[in-house]
K.L.:
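The structure is given below, and queries will be raised subsequently.
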Amino acid sequence: MELYNGERPSVFRLLGKYMRKGLYSILTQGPIPTHIAFILDGNRRFAKKHKLPEGGGHKAGFLALLNVLTYCYELGVKYATIYAFSIDNFRRKPHEVQYVMDLMLEKIEGMIMEESIINAYDICVRFVGNLKLLSEPVKTAADKIMRATANNSKFVLLLAVCYTSTDEIVHAVEESSKDKLKSNEICNDGNGDCVIKIEEMEPYSEIKLVELERNTYINPYPDVLIRTSGETRLSNYLLWQTTNCILYSPHALWPEIGLRHVVWSVINFQRHYSYLEKHKEYLK
Amino acid sequence: MDLKPGAGGQRVNRFVDPISYHFLQFLWRTLHLLVSLWYLQVSMVQMIEGFLISSGLVKRYGALDIDKVRYLAIVVDSEEAYQISKVIQLLKWVEDMGVKHLCLYDSKGVLKTNKKTIMESLNNAMPFEEAVEKDVLLDQKQMTVEFASSSDGKEAITRAANVLFMKYLKYAKTGVGKEEPCFTEDQMDEALKAIGYKGPEPDLLLIYGPVRCHLGFSPWRLRYTEMVHMGPLRYMNLGSLKKAIHRFTTVQQNYGT
């Protein structure tokens, strides 16, 4: 699979593709993660290291992202979640935030133009997070690509934007509360407003854990989480979903990530598959 | 490690092409054997390094800036948590290093069950709940120890969610506003404290077990926690503990900015 590339593949690229195929045929003798999540850490450090102009690190990071998604797709991974932009990132310098938003808009519009290729590969694109915080053009473009690829199912690309786990948990509590109100048929004043009269108060059943889990942004839960640059924290990402997830922190900066890192994470997933499945069963 | 074949990608069908299937299975098992040998070699190097650090032969880890570790959490695999003597030895090392606040977690609650035995074995430690009650958390004389399990994670958040929902219903009863439920992270913090979950976010989380995975430690308390995998509890050593804490003291976080 080659995204965004209408050129005839070179000999080396074809050779690389067939070598990867050989490697995958060995790896797929064991369980393959259904869902891999990524934290794209190190773009700015990469730009500094290679003395690139401003934004050069993010551009290199985008190319690395395309490669990694290709490897996941070829390997048979079903879901990939990318931590594209955190709510905390809004505290960066305004021009830096604007640059990332502009880059995101450029890439989403690029995806919209290549919609036929994305549909041909049966890829579903979903933006998850507090999307109300996005600027209008980015939100409109995101909605457009989500609608256009909603029916695809072979590979689901989840882009976490304006996302933090704690915001997600609070959102899940809000949604579960709204579900409780609706299920008690209180909101029946005809105008769609939620008015609760004291005499009509019914006893409510409690919000259950399974209801909170249903209302999180990201499902199913990842099997592996890869954070580049050797950092060992989650930075408010997928805290709820990583109970049984292998955390892998290669020292490579995000633009330096390659097939070897994806393969190594899959090998480690296979090594500990039985242990994590037992733990999942215990927690059910 | 227990290798099991799976059903991913483009698997070769064992009935359609048995030769290819067995050959690929052989290659797959050989790959995993080589990876296991690599990890064995890494473990041996880490044990030797740990021994050298414990003996004081590596000067770099001599002085630790332990004040930077305001709250330490230790996650132990539940099966390994039954090795209570190992757990006690680990806690004694942590106590001797000067850590003031510690949270011990295993998902099944084995450590909670053995809380009394563990606390009695420590020289100068106090249960976290007692320290909160007596308001002596800032008192640096004793180490406070909090015990946690999976019921203190997502289930606690669910209970806090019900606290928020009930508050919303009481507010809605007054008929003042027609707003839909809208909560903030600060309100969730307050709700958790109201039902007894006052433990702060750990700075550093050490994982003793076969996998680098937090095994369900409270999601609300892990936002910027550094997580270090220490390997199985049976191979723990003082040198590795010192190295992990030393490394933590050199980390700089930008918190997303």
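Proteins come first, then strands; the chains are lettered A, B, ... in the order of their sequence lines, and each starts at number 1.
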K.L.:
If the plane angle is over 60° it's perpendicular, under 30° parallel, otherwise tilted; pick one for A:Y248 and A:H261.
P.N.:
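Tilted.
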
K.L.:
Under a 4.0 Å N-O cut-off, is there an ion pair linking A:R44 with A:E96?
P.N.:
yes

K.L.:
Between A:V77, A:N244, A:L239, A:L225, which residue shows the highest count of heavy-atom pairs closer than 4.5 Å to chain B?
P.N.:
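Going by pairs under 4.5 Å, I would pick A:L239.
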
K.L.:
Taking A:T166, A:I246, A:T242 one by one, which has the highest count of heavy-atom pairs under 4.5 Å against chain B?
P.N.:
A:T166

K.L.:
Who among B:M166, B:H214, B:E155 has the most heavy-atom pairs with chain A under 4.5 Å?
P.N.:
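The residue among B:M166, B:H214, B:E155 with the greatest pair count is B:H214.
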
K.L.:
As an exercise: rank A:P33, A:S249, A:S165 by heavy-atom pairs under 4.5 Å with chain B and give me the winner.
P.N.:
A:S249

K.L.:
Please look at B:M188 and chain A and tell me whether the side chain, the backbone, both or neither of the residue comes under 4.5 angstrom of a heavy atom of that chain.
P.N.:
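Just the side chain, heavy atoms under 4.5 Å.
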
K.L.:
Are side-chain N/O atoms of B:S78 and B:D106 paired as donor and acceptor at under 3.5 Å?
P.N.:
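The criterion, which ignores hydrogens and geometry beyond distance, is satisfied for B:D106 and B:S78.
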
K.L.:
Heavy atoms only, distances under 4.5 angstrom: which of B:G209, B:S150, B:G216 has the most pairs with chain A? Name it, please.
P.N.:
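Of B:G209, B:S150, B:G216, B:G216 has the most heavy-atom pairs under 4.5 Å with chain A.
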
K.L.:
Is the A:H58 ring parallel, tilted or perpendicular to the A:Y99 ring (thresholds 30°, 60°)?
P.N.:
tilted

K.L.:
Checking heavy atoms, do the side chain of A:D41, its backbone, both or neither come under 4.5 Å from chain B?
P.N.:
neither

K.L.:
Can you tell me which portion of A:K78 sits under 4.5 Å from chain B's heavy atoms? Options are side chain, backbone, both or neither.
P.N.:
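Nothing of A:K78, per the 4.5 Å heavy-atom cut-off to chain B.
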
K.L.:
Of the listed residues (B:L205, B:L31, B:L164), which shares the most heavy-atom pairs with chain A below a 4.5 Å separation?
P.N.:
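Heavy-atom pairs under 4.5 Å are most numerous for B:L31.
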
K.L.:
By a 4.5 Å heavy-atom criterion (distance strictly below it), what part of A:L212 contacts chain B: side chain, backbone, both, or neither?
P.N.:
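Interface part for A:L212: side chain.
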
K.L.:
Can you tell which part of B:S107 gets under 4.5 Å to a heavy atom of chain A, answering side chain, backbone, both or neither?
P.N.:
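Interface part for B:S107: both.
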
K.L.:
Charged N to carboxylate O under 4.0 angstrom, A:E281 versus A:K278?
P.N.:
no

K.L.:
Any chance the side chains of B:Y71 and B:E146 put a donor and an acceptor closer than 3.5 Å?
P.N.:
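The answer is yes; a qualifying pair exists.
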
K.L.:
Identify which part of A:Y237 has an atom lying under 4.5 Å from any heavy atom of chain B, answering side chain, backbone, both or neither.
P.N.:
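It is neither, since no heavy atom gets under 4.5 Å.
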
K.L.:
For the residue pair B:Y168 and B:F165, does the interplanar ring angle fall in the parallel (under 30°), tilted (30 to 60°) or perpendicular (over 60°) class?
P.N.:
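The arrangement is parallel - the two ring planes meet at less than 30°.
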
K.L.:
Go through the atoms of A:E175 and report whether side chain, backbone, both or neither lie under 4.5 Å from a heavy atom of chain B.
P.N.:
neither

K.L.:
If you count heavy-atom pairs under 4.5 Å between each of B:T184, B:V228, B:I207 and chain A, which one has the most?
P.N.:
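Greatest number of close heavy-atom pairs with chain A: B:T184.
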
K.L.:
Among B:D77, B:L222, B:L215, B:L27, single out the residue with the greatest number of heavy-atom pairs under 4.5 Å to chain A.
P.N.:
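The residue among B:D77, B:L222, B:L215, B:L27 with the greatest pair count is B:L215.
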
K.L.:
Is B:F26 close to chain A through its backbone or its side chain, or both, or neither, when contacts mean heavy atoms under 4.5 Å?
P.N.:
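Neither part.
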
K.L.:
In plain terms, say whether A:R45 and A:E231 are close enough for a salt bridge, that is, a side-chain N and a carboxylate O under 4.0 Å apart.
P.N.:
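Salt bridge: yes.
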
K.L.:
Which of the residues A:N268, A:V97, A:T164, A:L276 is involved in the greatest number of heavy-atom pairs with chain B at under 4.5 angstrom?
P.N.:
A:N268

K.L.:
Going by an N to O cut-off under 4.0 Å, is there a salt bridge joining B:E79 and B:K108?
P.N.:
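Yes, B:E79 and B:K108 are salt-bridged.
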
K.L.:
Whether B:E201 and A:R233 form a salt bridge (side-chain N of Lys/Arg under 4.0 Å from carboxylate O of Asp/Glu) is what I want to check.
P.N.:
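Salt bridge flag = no for B:E201 with A:R233.
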
K.L.:
Carefully, step by step, assess A:D88 and B:R223 under the rule salt bridge (charged side-chain N to carboxylate O under 4.0 Å, His left out).
P.N.:
CA-CA 11 Å; A:D88 294 335; B:R223 288 175 307 160; over 6 Å; no

